[in-house]
Amino acid sequence: MWAFFSRRARLWLITVLVAPLASLVLGRLGTALERRKGPSTLSRGLQSGSRLLDRRRSKARAKAKHRA
């Protein structure tokens, strides 16, 4: 089914659906792990992955707003 979408539609789906969901899941996993076992490399890595996705989304949103 994925092959039936155009490249632009696939990119839009990833940007709108997958990236925010992945950011949310990574952030919550990192926070839960940190609460249970204290700060660790894994918990900080999960939280930084969440922040990275948030930054990428906000940059893409600003770029799209600038184009319009």
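One is the number of the first residue; the rest follow in order along the sequence. Quantities reported herein were computed from a predicted structural model and do not represent experimental measurements.
A distance of 13.0 Å separates OG of S43 from CZ of R36, quoted to the nearest 0.5 Å. Here OG of S58 is found 11.0 Å from CG of L53. Values are rounded to the nearest 0.5 Å. Interatomic distance, Q47 CD to L42 CG, rounded to the nearest 0.5 Å: 10.0 Å.
Nearest heavy-atom pair, S23 versus S50, reported as atom, atom and distance to 0.1 Å: O-OG, 2.9 Å.
Counting only residues at least two apart or in different chains, salt bridge (charged side-chain N to carboxylate O under 4.0 Å, His left out) contacts with residues 45-54 comprise D54-R57.
With hydrophobic clusters built from ILVMFWY side chains whose heavy atoms lie under 4.5 angstrom apart, L52 does not share a cluster with L26.
Scored by the side-chain contact (heavy atoms from CB on, under 4.5 Å) test, L24 finds R28 as partners (sequence neighbours excluded). Here T15 pairs with L11 under the side-chain contact (heavy atoms from CB on, under 4.5 Å) rule; sequence neighbours left out.
Applying the 6.0 Å contact sphere to CZ of R56 captures no more than 12 heavy atoms from other residues, nucleotides or ligands.
The shortest side-chain heavy-atom distance between L21 and L17 does not fall under the 4.5 Å cut-off.
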